[in-house]
Novice: 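Below is a structure I'd like to ask you about.
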Amino acid sequence: MTDVTHAVTQSTLEAFAREYLDNLGATIREDGSRWHVRLPSHANVGFTDVHEFDIALDSEQEGLEDSVHVLTPESGFTQQLLDEASETAPVGQLALTEAVTDGMYQYPSWIREGDVDVVDATFNPYYDRTAVCVFVRIDIETVSEYQTQFLEAVTVDVESTEQLPNVTELLVDEFFTPGSDWPADPAEDVDDESGVSSEKLNTAITTGQKATVEGVRDEISEVRQSASRAADSEFEEYRQLQEQQINELQDEIGSLSTRLQKLSTEVDEPESPQQRVKALEKRKELKTEKAELEGELEETLQEKSRGYAQQQREIDRRHAIKVSTEPKAFTIVLYERGEITLELATGGRSTAVRAPYAVGVGVTDDLQCENCQKQLSGENPIRVVSGRICCQSCR
């Protein structure tokens, strides 16, 4: 199964940051994995109050000064850059056409996994569709210890809310750049220029946010397991402390019982009336103390019999993870849909097959073998036998 989201790569971030800083009029001097940046005097940014600073392109560099900004997908500096860029130009627009992609066709698995060669491909566009590519920040945290951030990109068709992973990969790896001429008012401009209503756009963005969470499900599971182990460890520590407290209470109560027995002798057989009065007062004091300890022991034993359920709930609540998402920037994508004709050849023979196709997406519908009607797939690739189309199952 293809992941519907695409992690924002380091190279994409560097391209993004470079263009953003260029638009500010900054000069960048590269020194290995570090940039020395100088902002013009009129530039006003929120991430620094100085006009000269360094950006490290690797968080693992040794001896990083506090004043050095780290540009990585998970860094706080990256989030600040995205926030500022989004405030300036929250919406981009891009048209995916055959000319833009320079004929980079995306062949389905039933071709890639087969023994056929694509001799020629001809795409006939019929109409345009609109999608939105969203950069989403995902925060995974617990109240107690863990906080992890991810930056994921996802593309969603605005009409159908179908997720388009191939488009995301294409945009992030090949085409995405934050153009400086993006419209300043996203809702108004999107409605007027691309015909996308704000309601449909918001629905697509929400769908994308949910998809990005699913895209990092393994990472979420890992954080959840870590939090669960921390909760288990804390609960076991609490349980052991309670066991220790029970033993100490039992010892103290036993000690008080012994002392009370000795005092009973002094009360029953006093050497003087004064000694008897003193022994009675002390016995009363010890009985009160013993009753308090017995009450505390009883309460602790009852809590133990319930498995320390209340404390377990409190610990679990404290270690529960919270997942939140926030769209940081998005680009309206117009992409062509139509039909592609593929000339396939093997063993000196060739034939043509047609399939519904979209630029950046690839083949959009499932196809069946013309001979046996079984669905084509990576496990059942297409074949050409005696100039006729068939599939692996036809053997």
Side-chain angles (χ1 to χ4, degrees), residues 5-94 96 100-102 104 133-139 147-155 167-182 184 212 215-216 219 326-331 333 360:
T5 63
H6 193 74
V8 177
T9 61
Q10 181 68 27
S11 60
T12 300
L13 282 182
E14 291 175 18
F16 178 95
R18 186 186 298 277
E19 182 164 346
Y20 178 70
L21 293 170
D22 284 345
N23 289 338
L24 292 175
T27 59
I28 301 174
R29 180 168 58 85
E30 297 186 34
D31 182 10
S33 58
R34 183 174 291 205
W35 292 352
H36 303 284
V37 181
R38 175 180 294 177
L39 294 175
S41 58
H42 65 271
N44 183 22
V45 294
F47 57 82
T48 183
D49 55 1
V50 298
H51 286 80
E52 288 192 41
F53 54 90
D54 285 358
I55 295 177
L57 308 180
D58 181 2
S59 60
E60 301 301 322
Q61 291 185 33
E62 296 183 0
L64 281 179
E65 304 88 345
D66 293 338
S67 60
V68 175
H69 301 288
V70 177
L71 181 70
T72 62
E74 297 81 20
S75 71
F77 175 65
T78 295
Q79 303 304 329
Q80 288 179 300
L81 277 185
L82 287 171
D83 286 340
E84 294 197 18
S86 298
E87 290 174 2
T88 304
V91 182
Q93 291 196 7
L94 176 68
L96 276 184
V100 170
T101 58
D102 195 26
M104 292 188 299
C133 179
V134 193
F135 276 26
V136 180
R137 186 180 76 186
I138 306 168
D139 290 310
Q147 183 167 358
T148 307
Q149 291 182 342
F150 298 94
L151 189 61
E152 296 280 313
V154 61
T155 306
V167 174
T168 306
E169 183 175 0
L170 186 66
L171 294 181
V172 171
D173 291 345
E174 301 290 343
F175 294 102
F176 183 81
T177 54
S180 58
D181 57 346
W182 289 353
T212 58
V216 294
E219 289 81 358
E326 181 183 0
K328 306 303 296 183
F330 55 93
T331 299
V333 182

Novice: First locate atom NE2 of H51, then atom CG of N44, and finally report the distance between them rounded to the nearest 0.5 Å.
Specialist: 7.5 Å

Novice: Can you name the closest pair of heavy atoms from P40 and G25 and give their distance?
Specialist: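 Closest pair (atom of P40, atom of G25, distance): CD-O, 3.5 Å.
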
Novice: Under the salt bridge (charged side-chain N to carboxylate O under 4.0 Å, His left out) rule, what pairs show up with a residue in residues 41-52, not counting sequence neighbours?
Specialist: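 Passing the test, one end in residues 41-52: R38-E52.
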
Novice: How long is the span from the CD1 atom in I55 to the CD1 atom in I28, to the nearest 0.5 Å?
Specialist: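 Output value for this atom pair is 6.5 Å.
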
Novice: Do side-chain atoms of Q10 reach the backbone of L71 as a donor and acceptor pair under 3.5 angstrom?
Specialist: yes

Novice: Taking all non-hydrogen atoms of both residues, which atom of L151 and which atom of P73 are closest, and how far apart?
Specialist: CB-O, 3.8 Å

Novice: State the CZ-NE2 distance between F47 and H69, to the nearest 0.5 angstrom.
Specialist: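 So the gap between those two atoms works out to 6.0 Å.
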
Novice: To the nearest 0.5 Å, how far apart are OG1 in T212 and CD1 in I138?
Specialist: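 One gets 3.5 Å once the value is rounded to the nearest 0.5 Å.
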
Novice: On a heavy-atom basis, which atom in A153 and which in T168 lie closest, and how many Å separate them?
Specialist: O-CG2, 3.3 Å

Novice: Would you compute the distance between atom CG of L170 and atom OG1 of T155 and round it to the nearest 0.5 angstrom?
Specialist: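 Going from the CG atom of L170 to the OG1 atom of T155 covers 9.0 Å.
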
Novice: Strictly by salt bridge (charged side-chain N to carboxylate O under 4.0 Å, His left out), give each pair with a member in residues 21-32 just once, sequence neighbours left out.
Specialist: R18-E30

Novice: Tell me the closest heavy-atom pair linking T72 and L57, and the distance in Å.
Specialist: CG2-O, 4.4 Å

Novice: Just by distance, do the side chain of T331 and the backbone of C133 share a donor-acceptor pair under 3.5 Å?
Specialist: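 Not at all, since once roles are kept as given, no pair shorter than 3.5 Å links the two residues.
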
Novice: Might you point out which heavy atoms bring V70 and F77 nearest each other, and give the distance in Å?
Specialist: O-CB, 3.4 Å

Novice: Of the non-hydrogen atoms in V134 and F330, which two are nearest, and what is the gap between them?
Specialist: CA-CB, 3.9 Å

Novice: Please examine the side chains of T78 and Q149, heavy atoms only from C-beta on, and report whether any two atoms are closer than 4.5 Å.
Specialist: no

